[in-house]
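Presented below is the structure to which this report refers.
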Amino acid sequence: MNAQPHDIAAVESLLAFWRDAGVDACYGEAPVDHTHIAPPPAVKAVQKATASVVTPMVGANAADAIAEARHLAAGAATLQDLAAAVASFEGCPLRGLGATQSVFGRGNPNAPVLVIGEGPGADEDRVGQPFVGTAGQLLDRMLAAAGLTDRVFITNTVFWRPPGNRTPTPQEQAVCAPFVERVFALLQPKAVLLLGAASAKSVLQTEEGIMKTRGQWKEWRLAEGAVSAPVMPTLHPAFLLRQPQAKRQVWADLLALAAKVDGSG
Ligand code: URA
């Protein structure tokens, strides 16, 4: 069927309506497994019930993806190499769920502080850098006030935008974790700042909520034992945009972080 100009105009008008209403990703009615993995019937049933925005991988496939990520990450000798390795990695299920590009990191490649957020949003997906939207601008202002501008390298627990800005799943984070660990190993920061519950739970491998863990120093030590650093979980800047009264707590956490980096904390 050939589309007539008035059909095209009607479709464009409808799409503009949805875009203005905040709809920025399209999905079919049936889940599409862009990782070419055939899940068993039980998983398919779950996918149907959850409207297809999460694509769980099954055991061996997830293990294969993690092994591939580990292999690629180990081959990267610099953060620049690592960014290229991430961009070439096809094993993260988020890749097929509407993200337009990988979002690796920004900041000083010799920074004494590693900042880890949850996952890229729409602005980050468009620009290709983490924390460039309104939450990122607030983060930058708070880092500047704490004297930490140019002393941070910023990344996320996953490198592709989760659809609709949902929280990344533990499985998506597990597949990306070898790259996050390699950032940590290459940077060897003096301290790490974890932004938000999903980041803290993934890096610290804890089920404790962020309201409980924030403001307390923890240790992150890689399995090989060679790299470790003190870690400060804190509240996510997107949360602060909704709950500005919580800035006080994050400010206290940032001051503790700055003191630690300066050797006085
Ligand atoms: N929120 C995050 O957790 N990371 C980003 O990069 C942007 C928003």
Side-chain angles (χ1 to χ4, degrees), residues 22 24-25 53-54 79 82-83 86-87 89 92-95 97-109 111 113-144 148-177 179-184 187 189 192-204 206 209-211 213-214 220 231-244 246-247 249-250 253-254 257:
D24 56 6
V53 288
V54 173
L79 290 176
L82 194 56
V86 165
F89 178 59
C92 179
L94 288 170
R95 263 194 98 119
L97 294 178
T100 64
Q101 60 179 321
S102 60
V103 175
F104 174 66
R106 70 170 168 98
N108 177 353
V113 177
L114 173 60
V115 178
I116 306 178
E118 299 187 349
D123 292 319
E124 290 73 24
D125 179 68
R126 191 171 36 79
V127 174
Q129 291 201 347
F131 283 101
V132 293
T134 43
Q137 287 156 19
L138 174 59
L139 174 66
D140 284 348
R141 285 198 299 276
M142 295 190 82
L143 290 172
L148 291 168
T149 302
D150 300 333
R151 301 171 81 195
V152 294
F153 186 82
I154 304 176
T155 189
N156 280 304
T157 62
V158 296
F159 304 102
W160 290 268
R161 179 197 178 201
N165 291 352
R166 67 158 167 74
T167 305
T169 66
Q171 190 178 56
E172 289 155 358
Q173 292 176 314
V175 167
C176 293
F179 296 113
V180 180
E181 290 174 8
R182 189 69 182 148
V183 174
F184 183 46
L187 199 65
V192 179
L193 181 68
L194 304 178
L195 300 175
S199 171
K201 284 184 177 174
S202 172
V203 172
L204 298 173
T206 177
I210 191 68
M211 289 303 177
T213 54
R214 71 137 284 276
W220 184 16
V231 176
M232 171 67 76
T234 197
L235 306 175
H236 195 283
F239 175 79
L240 299 183
L241 291 172
R242 297 189 299 273
Q243 305 280 338
K247 280 183 191 165
Q249 291 160 294
V250 174
D253 299 344
L254 287 180
L257 178 76

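Remember, it's 1-based here, ligands and their atoms both numbered in the order they're listed.
With rounding to the nearest 0.5 Å, the separation of CZ in Arg242 from NE2 in His236 is 9.0 Å.
In this structure, Phe159 has its ring center at least 6.0 angstrom away from the ring center of Phe89.
Pairs passing the side-chain hydrogen bond (donor to acceptor under 3.5 Å, both in side chains) check and including a residue from residues 122-133, sequence neighbours excluded, read Thr100-Asp125, Asp123-Arg126. For residues 194-203, no pair satisfies side-chain hydrogen bond (donor to acceptor under 3.5 Å, both in side chains), with sequence neighbours left out.
For ligand 1, the 4.0 Å heavy-atom shell takes in Gly117, Glu118, Gly119, Pro120, Glu124, Pro130, Phe131, Asn156, His236, ordered by chain and residue number.
Among Leu254, Ile154, Val231, the single residue meeting the side chain to side chain contact (heavy atoms under 4.5 Å, CB included) criterion with Leu193 is Leu254.
For Gln173, the side chain to side chain donor-acceptor pair (under 3.5 Å) partners at least two apart in sequence or on another chain are Thr157.
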